[in-house]
Amino acid sequence: MVTSPKPQPEAPVPEWISRFVADIPSAVALFDPEFRYLAANQRWLNSFGIVGEQLIGQPHDQIDPPSAPILMELHRRALSGETIEASLPGDGEAGEGGTHRIISTRPHRDNQGTIRGVIATLRDAMAIATDKTLQYATDALTGLAGRHAFMARVRSAIAPESGARRAAAIFLLDIDNFKGVNDLYGASIGDAVLRVIANRLLAGTRSRTMPAPRGGEFGAPQRMDIVSRLGADEFAIILGSAAPSPADAEVFARRLLQLAVSPVLVGEQRIRLSANIGYIITTEQHRSEDDAMRDVDVALQEAKERGPNNVKAWEPALTSTVGRRLALLDQLRCALDENQFVLHYQPIQRLHDDRVVGAEALLRWNHPSDGLVAPAAFLPVLEESGLIVPVGCWVLRETVRQMQVWQMLYGRDLLDWVSVNVSARQFNDPSILLETLAEIRDSGFPLSRIKIEITESAVMRNPEVTRSVLSELQELGIRIAIDDFGTGYSALGAVRDYQVDMIKIDRGFTARVDTEDGRELVLAMLKIARIYGADVVAEGVETVVERDFLRRSGCGYGQGYLFAKPMDGSFFGAFALTHLVETGDAAD
Ligand code: C2E
Ligand code: MG
Ligand code: MG
């Protein structure tokens, strides 16, 4: 017996009651009001994996901490007169049919009706009697339900063996870049963070359970919410109650998100995380747990795309959108293998003498049946899938190849430089980009003739990473242009800090130089660029009025349909050559 400061049970349980309890063919335990064991049979011990412990008189939280929070809550509620049924973390999928650990608790009253303790029973506990099964069912790190237990619960929620199919509410929470936490603080702090989040979710969801019906122990049993850890940093929650209204589900999802992302204090460290949640209220079309989990994952992917810290409900249209996106991704992989990508080049003109000095390489997809496809239709998929990394390398190599072809055909360099667009995704793992550039340099091509355009919003998304990659690029001799300037969060600091070579005023501003405000904005940008010594290209120049204003205002370069639309490499060669002849700048 363990000595305990708490009051001792009123009287020892008579021997015959202990034997009676031992012989009951399911797992049973009797607790006193202090959550200490008065009696429990072997089946109960087996189902918690309790071996050789002196049980009687000890509180359950010392015997099996992972299951304690839920049991304690059930115990508390049983003491107030409720009869409750819940799935335990550690719900098992043991046995052919996939049994669950359903625990029921009810008050134990004396002859006067005073509650003296709590009776707990576990259904199907025999089927999960081994330690091995318990490990399988419970996440060792957090004590939450494991994947198999969770899936079993989803199955029983949406397709119960008896009764009509019912809507279930399932929430899937994914923490962003958890690997970064492990890398930065070490795995043991990472583990501690996961445990904190698990506990918060547990606390947040248990309080969300429906209040038990008034009227005592014979009320309908209530199921509790289940929190599970499905992957390293992925948590899932299924509500035990009937599915909430869409508005309530949204509020609940936002609350879960708040719980997960509020800063975690581990020792001295205050760790900030971001996360996203996808959730679903299942419909008739979700016939299996796999259907439900596939769609909640679709919602999560959507949330992530608009993340961080975003919440997205599943809706039928999402599944078809994602289906289409996957098909497109397949086609794009194929396009890269089968050389269906092409580059078009749009001239960049010096405004004071109209000379074509540079060009921007723009990606096109020469689709076998749809013809030439513009990047807006496929770039998002390339970026989100990471396929932009190999495609981006192809763009660089192809640009260099084209410049060498022009040089061979015309016996001179038509252009001072060609700009290549690089997306933020390529900066996440810059080694591939840097290796490609090093290869190009080693082949003898001067990297000063390549400019890399990165959008203002990409620069600001991750300023630290951008800073280090840009400086490595600059060491290689690459020049940097900030694209779509003025559209993102202000990258004024970036112009100074990163010593960019050029800013490209977004065409939205160019189009507004017919207004006073528009002109003021463009003048302000020109001034900023001048202060930091950066060249300026105005994008999207479409009219003579725009060009003349820009020219008068000292904008160095222009690009836009007024001068030329993007064209393929051979057209561009001819265009640039004629242009050189026209401006009297042709070679000897
Ligand atoms: P961007 O880098 O800002 O490129 C300029 C876009 O404006 C091009 O669209 C170009 O065709 C269009 N444009 C040029 N002049 C005018 C004009 O006078 N009026 C109008 N309305 N539009 C004009 P495009 O080729 O459809 O490219 C769209 C965006 O796709 C590019 O914007 C760039 O961000 C991205 N992109 C293109 N190629 C690549 C690539 O190889 N890699 C990456 N990562 N992104 C690329
Ligand atoms: Mg660009
Ligand atoms: Mg642009």
Side-chain angles (χ1 to χ4, degrees), residues 332 335-336 340-349 351 356 358-366 371-402 417-428 430 432-433 436 450-459 461 469 479-488 491 500-513 525 535-547 550 557-569 571-572 575:
L332 287 167
L336 181 60
Q340 293 170 4
F341 288 118
V342 288
L343 290 181
H344 279 196
Y345 301 86
Q346 187 177 28
I348 296 175
Q349 226 145 296
L351 290 177
V356 175
E360 176 172 11
L362 294 159
L363 187 60
R364 302 285 180 266
W365 176 16
N366 201 353
L372 220 51
V373 184
F378 60 87
L379 206 56
V381 175
L382 285 184
E383 288 184 343
E384 126 215 343
S385 64
L387 201 57
I388 191 65
V389 174
V391 171
C393 291
W394 176 86
V395 170
L396 272 169
R397 291 203 188 91
E398 175 59 17
T399 301
V400 168
R401 191 196 66 80
Q402 181 62 70
W417 88 91
V418 176
S419 293
V420 168
N421 293 282
V422 167
S423 68
R425 183 70 197 247
Q426 289 168 268
F427 275 27
N428 287 353
I432 301 169
L433 177 69
T436 307
I450 298 178
K451 225 173 258 198
I452 277 185
E453 294 190 5
I454 175 148
T455 61
E456 187 179 43
S457 51
V459 169
R461 198 172 306 156
V469 182
R479 289 181 290 168
I480 310 293
I482 296 191
D483 205 352
D484 303 348
F485 191 81
T487 58
V500 302
D501 184 63
M502 175 172 270
I503 65 170
K504 299 188 76 178
I505 297 180
D506 187 71
R507 73 161 185 267
F509 295 99
T510 308
R512 278 166 43 205
V513 300
M525 289 190 227
D535 287 333
V536 181
V537 177
E539 299 190 271
V541 182
E542 292 185 353
T543 68
V544 174
V545 174
E546 288 162 5
R547 182 200 59 195
L550 291 160
Y557 305 88
Q559 175 183 354
Y561 294 170
L562 177 69
F563 309 114
K565 288 195 168 177
M567 53 202 126
D568 72 22
F571 259 99
F572 184 90
F575 170 88

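All ligand and atom numbering here is 1-based and tracks the order in the structure.
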Residue selection (non-hydrogen contact nearest atom 40 (C) of ligand 1) among Val373, Ile388, Asn421, Val420: Asn421

CG (Leu336) and CD1 (Ile388) are apart, to the nearest 0.5 Å, by 10.0 Å

Is Leu363 close to ligand 1, meaning an N/O of one under 3.5 Å from an N/O of the other? yes

Does Tyr345 have any ring pair (Phe, Tyr, Trp, His ring centres under 6.0 Å) partners at least two apart in sequence or in another chain, and if so, which? Trp406

Counting each atom of ligand 1 from 1 as listed, which ones have a heavy atom of Asp484 under 4.0 Å away? 3 (O)

Would Leu372 and Val342 count as a side chain to side chain contact (heavy atoms under 4.5 Å, CB included) here? Give the steps. CA-CA 9 Å; Leu372 220 51; Val342 288; 4.0 Å; yes

For ligand 1, which atoms have a heavy atom of Ser423 less than 4.0 angstrom away? 44 (N)

Shortest-distance N, O or S atom of Glu360 relative to the Mg ion (ligand 2): OE2

Gly540 heavy atoms within 4.0 Å reach ligand 1 at atoms 16 (C), 17 (C), 18 (O)

Could you tell me the residue and atom name of the protein heavy atom closest to atom 18 (O) of ligand 1, and the distance to it rounded to 0.1 Å? Tyr561 N, 2.8 Å

Can an N or O of Thr455 be found at a distance shorter than 3.5 Å from an N or O of ligand 1? no

Who are the salt bridge (charged side-chain N to carboxylate O under 4.0 Å, His left out) partners of Glu542, not counting sequence neighbours? none

Can you tell me which portion of Asp506 lies within the under-4.0 Å heavy-atom range of ligand 1? Options are side chain, backbone, both, or neither. neither

Parallel, tilted or perpendicular: rings of Phe378 and Trp365 (30°, 60°): perpendicular

For atom 31 (C) of ligand 1, what is the closest protein heavy atom, and at what distance to 0.1 Å? Leu362 CD2, 4.2 Å

Gln346 neighbourhood, listing ligand 1 atoms whose heavy-atom distance to it stays under 4.0 Å: 10 (C), 14 (C), 15 (N)

Using a strict 4.0 Å cut-off to heavy atoms of Pro566, name the atoms of ligand 1 that fall inside it. 11 (O)

Contacting atoms of ligand 1, where contact means under 4.0 angstrom from a heavy atom of Gly560: 15 (N), 18 (O)

Nearest heavy atom to atom 21 (N) of ligand 1, choosing from Glu542, Gln559, Glu546, belongs to Glu542

Output a table of donor-acceptor pairs, distance under 3.5 Å, between side-chain atoms of residues 558-568 and any protein atom two or more places apart or on a different chain; print 'none' if there are none.
residue : atom : partner : partner atom : Å
Gln559  : OE1  : Lys504  : NZ           : 2.8
Gln559  : NE2  : Gln346  : OE1          : 2.8
Gln559  : NE2  : Glu360  : OE1          : 2.8
Asp568  : OD1  : Ser570  : N            : 3.3
Asp568  : OD1  : Ser570  : OG           : 3.2
Asp568  : OD1  : Phe571  : N            : 3.0

Would you say Glu383 has any N or O atom under 3.5 Å from an N or O of ligand 1, going by distance alone? no

When distances are taken from atom 36 (N) of ligand 1, the protein heavy atom at minimum range is Leu379 CD2, 3.9 Å

Checking contacts here: is it the side chain or the backbone of Lys504 that comes within 4.0 Å of ligand 1, counting heavy atoms only? Could be both or neither. neither

Everything protein-side that's N, O or S and under 2.8 Å from the Mg ion (ligand 3): list it, residue and atom. Asp483 OD1, Asp484 OD1, Glu539 OE1, Glu539 OE2

Short list, please: which atoms of ligand 1 are under 4.0 Å from a heavy atom of Val395? 41 (O)

Is there at least one protein heavy-atom neighbour under 4.0 Å from atom 7 (O) of ligand 1? yes

Residue-level breakdown please: for Arg364 versus ligand 1, do any non-hydrogen atoms fall below 4.0 Å on the side chain, on the backbone, on both, or on neither? side chain

